[in-house]
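Residue numbers begin at 1 in each chain, while the letters A, B, ... track the order of the sequences. What you see below is based on every heavy atom in this structure, not just the backbone, and it leaves out hydrogens, waters and symmetry mates.
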Amino acid sequence: MIELDHVSRRFGEQLAVDDVSFSVERGTITVIVGTSGSGKSTTLRMINRLIEPTSGTILIDGKDTASVSGEELRRGIGYVIQGNGLFPHWTVARNIATVPTLLGWDSSRVARRVDELLSLFSMKPEDFREKFPHQLSGGEQQRVGVARALAAEPGLLLMDEPFGALDPIIRAKAQEDLLAVQQRLGITVVLVTHDMEEAIHLGDKIAVMDGGKLLQYAPPAEILANPAPGFVEKLVDGVDRPFRLLSLSPVASIVEPGTAEGPPILETATLRDALSELLWHRRDALPVTAGDGTVRGKISLQSLLAHASGPA
Amino acid sequence: MTDASQTAAPPVPLTARLDRVGVVVALIAVAGMDWQPFATLKPNRLISGQGLSLAGSLPTLWAAIGIGILSIATIVAVLRTNAWLRLTTGIVSLLVLALLIGLVPATVVPPGNTFARVSPASGFWLMAFAFAVLTTDAIAKLRLGPLARLGMLAGAAVAVALILGSGHWDGLSILKEYATNADKFWREGRQHILLAVSSLAAAIVVGLPLGIACHRNPTLRGITLPVLNIIQTVPSMAMYGLMIVPLSLFAASFPIAAQLGIRGIGTAPALIALFLYSLLPVVANTVVGLGEVRRSVVEAAEGMGMTRFQRLFQVELPLALPVILTGIRIVLVQNIGLVTIAALIGGGGFGTFVFQGIGQAATDLVLLGAVPTIALAFTAAILLDAVIELTERRRL
Amino acid sequence: MSRLVGPVARLAALALLLALVLRPEWFEPILKPFTENNAPAIYTQSSLLSLTLAHLGLVAVASLIGAALALVMGVFVTRPMGAEFLPLSRSLVNIGQTFPPVAVLALAVPVVGFGVKPTLIALVLYGLLPIFENTITGLKEVPGNVVEAARGMGLSPNQQLFRVELPLALPVILAGIRLSVVINMGTATIGSTVAAKGLGEVIIAGLLTSNTAFILQGGIIVALLAVLLYDALAILERRVARRTGRLAEVTG
């Protein structure tokens with residue numbers, strides 16, 4: 001668990017981060033969203049002390065981050081930045097091995113770990129180990145960047161606009177990869193982005209920042225349904241809010257008893273998928289089934305619409 | 001249906017079959033072959049001599065063979081031909097010239113006459129220049145890699161060494177001059193290299209840390225670079241001259257310094273002047289090289305918990321290396337040239353021969369100093385260029 | 001405050017230079033201690049003013065010839081008609097710059113004899129290289145879309161060259177000229193060893209008679225001249241660069 005307690009950072013006259021407090025649960029993804037100059041990157045970089053807080057404390061698993069040296073702290077935390085920051089003069093293998101080598105792992109353990117990570121990101125170790133970064137595609141570079149951050153098995157991964165430089169298709173793929181890897185390894189992720197869509201898609205919780213202040217810290221559904229007035233409201237205005245909201249919940253959450261005519265919908269599908277099916281087949285309701293085909297009930301257009309609207 | 005066999009290919013205009021660079025090469029080569037003397041014969045080393053044509057300075061058979069080969073080479077140059085053929089032609093022509101000039105002394109100097117001097121004349125130099133241009137053009141067009149270029153340098157060195165070792169050139173005036181100065185030649189050569197390399201080494205030892213400090217501290221950079229720039233601007237002779245003053249005062253006030261060999265003239269002022277000249281390229285290129293390392297890379301290194309030293313030595317310096325090496329190349333080539341002038345303040349080096357030769361109006365002695373200096377500078381440039389290219393290859 | 005340092009230092013250097021050249025006798029008390037055996041402290045064989053003017057004249061003529069040649073050649077190899085010469089000329093410039101100026105000077109003597117001629121040849125040949133190189137670089141660096149736009153608006157190739165390409169390349173070309181002038185100042189000093197009239201004469205006289213006072217006089221005047229010229233050309237360059245919106249790097 002990460003706890004930020006009344007953390008502020010001043011650059012000269014300017015208060016970049018102003019009295020921010022929030023805590024991140026272990027094994028979740030927290031996304032910090034804001035425009036440039038909102039203090040989101042500064043907040044992230046204070047967690048691994050690339051920037052020292054002017055005041056306030058940050059605890060990781062109950063331990064004050066200020067109690068160890070900055071370098072030691074950072075070697076235990078994965079860090080991914082925009083444009084990946086791969087070392088162009090080192091091979092992929094040596095890049096991934098950076099932190100394990102700094103930590104003094106023996107070479108066979110390092111080599112095993114490199115291969116394991118390459119495989120995890122579906123890159124054949126024997127094909128990629130000896131390549132140099134400039135021989136990789138943008139998507140591959142990005143994956144190597146994340147693999148490098150995970151090399152020393154950190155419990156926490158910090159990502160600063162990790163997908164900012166990718167084109168939309170590779171970006172979507174990279175987001176799915178991140179979700180899969182995060183679930184598989186059960187790590188905690190704190191990610192910074194300026195893209196609300198990305199935040200809603202990836203975050204278990206979203207922290208919205210503006211002008212150095214934390215405006216709202218809540219799960220995506222909460223942010224969409226009850227955005228804090230002002231900045232957050234404007235921010236979520238533009239993102240097809242009802243559809244976003246529907247895509248956050250599974251069909252199972254509003255299934256009603258009874259049956260209906262038409263092609264069945266899986267209970268694990270999102271409400272957005274259900275709406276799409278209902279509209280396409282011109283039905284008021286469709287049957288809902290479990291994975292094995294047993295009917296669980298029905299889903300109706302009416303209850304869907306109720307779920308998609310904002311507070312009255 | 002069209003009948004291809006009936007449409008005759010349009011005649012290729014003559015100009016399209018000519019290589020423009022080759023035409024220039026050929027003009028120079030023909031001018032050298034037909035209108036300028038191939039060699040000069042002087043009754044002794046100081047009296048001015050008389051020019052001999054290619055045909056007039058060689059046995060008839062050799063002259064015919066030589067003119068034949070060089071004429072064919074000229075035709076190859078003029079026509080649009082394959083770059084490898086042009087490269088081979090250029091190298092063969094240069095070799096032929098080197099062999100021909102060696103045959104001249106035995107042909108034109110009566111046996112027993114030890115005063116007469118034979119040296120290559122303008123015709124020889126024009127042809128050598130023309131075929132060197134042909135070779136260079138072919139190398140540039142082929143885009144030979146660093147290793148291939150190093151190979152060619154080694155080949156050229158071996159060829160020159162073989163010709164020198166065989167004694168084929170011994171009749172030429174520059175080697176007669178060498179024969180009377182052999183010991184001194186190697187002594188001055190060693191001194192030349194020593195001065196150039198040790199001042200470079202000192203500049204690296206001081207300049208690299210200074211460059212790193214300047215990279216990190218803009219205030220220091222704002223003071224250091226302009227000062228070093230001004231130092232570079234001071235003409236070398238003035239610099240050597242100015243070095244004499246403080247060092248002679250120093251030696252006068254500290255007898256121990258004088259005993260250690262620190263005097264107003266000689267090695268010490270030469271070394272200090274060269275060191276000062278060397279600083280700017282080393283410092284400036286270190287600053288530029290480090291500045292060009294992408295910020296995301298440095299930040300990633302920091303974010304993964306590298307210490308300042310680890311970042312500097314594992315990431316920043318290796319990435320800045322090609323640019324820093326470029327600075328070192330500039331310094332080395334520049335120093336090899338500047339050492340020549342150090343001879344004026346008793347610093348030694350090949351410049352000794354140059355200035356002695358100028359003083360005595362003895363061209364051969366000037367050449368004995370100038371030719372090895374140029375060869376050294378040239379070798380250093382090719383060598384370091386290749387190294388720089390090799391270090392650059394893997395980078396973005 | 002710090003903005004005043006530049007102009008003040010410049011003015012002081014200029015005043016010192018003028019005094020050294022026009023009123024050398026003022027410095028006799030300072031220079032006397034550097035002489036031995038009652039040797040003269042002030043160089044009087046020729047007037048320092050005439051030597052300075054000869055020196056500057058030599059550099060000016062050589063730089064003008066060199067710049068004119070280099071510009072014509074640089075423009076030629078960057079036009080379609082001279083493109084075949086581009087790789088060769090780049091290599092030749094690279095090779096040429098490894099030749100030490102002294103060697104060029106020394107090699108010119110046997111061909112044309114002693115005096116101004118070999119010095120002028122060495123100065124022109126050696127000074128030409130940086131200008132040629134920078135002309136090529138400057139013209140090649142002109143953004144392709146700017147030239148394309150000029151072409152699209154119907155400018156003839158000559159108009160493109162004189163109205164768009166050369167003005168944009170000017171700062172880089174000027175940097176080459178500055179480098180060339182500074183190199184020529186130094187080479188002209190060495191020219192005195194082959195009997196060209198110039199300030200090197202004073203330094204050499206000092207070296208020959210072990211008269212440190214002469215060395216100081218000659219050395220300081222040449223050094224001041226070189227630094228001031230370099231500085232003045234750098235200012236000119238920055239002005240031009242600012243106008244075209246492209247700041248050429250001020251290095252070496």
Minimum heavy-atom distance between Gly186(C) and Pro235(B), given as atom pair plus value:
CA-CB, 3.4 Å
Which of the residues Ile95(C), Leu229(C), Asn94(C) is involved in the greatest number of heavy-atom pairs with chain B at under 4.5 angstrom?
Ile95(C)
What I'd like to find out is whether the side chain of Pro100(C) reaches to under 4.5 Å of the side chain of Ile374(B), using heavy atoms alone.
yes
Chain C heavy atoms under 4.5 Å from Phe350(B): which part of the residue, side chain, backbone, both or neither?
neither
Could you tell me the separation between the OH atom of Tyr240(B) and the OG1 atom of Thr189(C), rounded to the nearest 0.5 Å?
13.0 Å
At a heavy-atom distance under 4.5 Å, which candidate from Val366(B), Leu367(B), Val371(B), Ile358(B) has the highest pair count against chain C?
Ile358(B)
Which distance, rounded to the nearest 0.5 Å, do you find between the CE of Met239(B) and the CD1 of Ile203(C)?
12.0 Å
Closest heavy-atom pair, Met237(B) versus Ile190(C), reported as atoms and distance to 0.1 Å, is SD-CA, 4.1 Å
Should Arg329(B) and Thr98(C) count as side-chain neighbours, where that means a heavy-atom distance under 4.5 Å?
yes
Can you confirm whether Lys117(C) is buried at NZ, in the sense that more than 12 heavy atoms of other residues, nucleotides or ligands lie under 6.0 Å from that atom?
no
Find out whether Ile230(B) and Asp231(C) are in side-chain contact, i.e. whether some heavy atom of one side chain is under 4.5 Å from a heavy atom of the other.
no
Heavy atoms, side chains only, cut-off 4.5 Å: are Asp137(B) and Glu84(C) in contact?
no
Measure the OG1-CZ distance between Thr233(B) and Arg178(C) for me, rounded to the nearest 0.5 Å.
8.5 Å
Under a 4.5 Å heavy-atom cut-off, does chain C meet the side chain of Val133(B), its backbone, both or neither?
both
Which region of Leu199(C), side chain (C-beta onward) or backbone (N, CA, C, O), has a non-hydrogen atom less than 4.5 Å from a non-hydrogen atom of chain B, or is it both or neither?
neither
Determine whether more than 12 heavy atoms belonging to other residues, nucleotides or ligands lie under 6.0 Å from atom CZ of Phe378(B).
no
NZ/Lys141(B) to CG/Leu86(C) distance, rounded to the nearest 0.5 angstrom?
11.0 Å
Provide the closest heavy-atom pair for Val102(C) versus Gly337(B) in the form atom of the first, atom of the second, distance.
CG2-O, 4.1 Å
Under a 4.5 Å heavy-atom cut-off, does chain C meet the side chain of Val354(B), its backbone, both or neither?
side chain
For side chain to side chain contact (heavy atoms under 4.5 Å, CB included), just list the numbers for Asn229(B) and Tyr230(C), CA-CA rounded to whole Å, side-chain angles, deciding distance to a tenth of an Å, and then say yes or no.
CA-CA 10 Å; Asn229(B) 239 320; Tyr230(C) 177 90; 2.8 Å; yes
Do the side chain of Arg20(B) and the main chain of Ala83(C) share a donor and acceptor less than 3.5 angstrom apart?
no
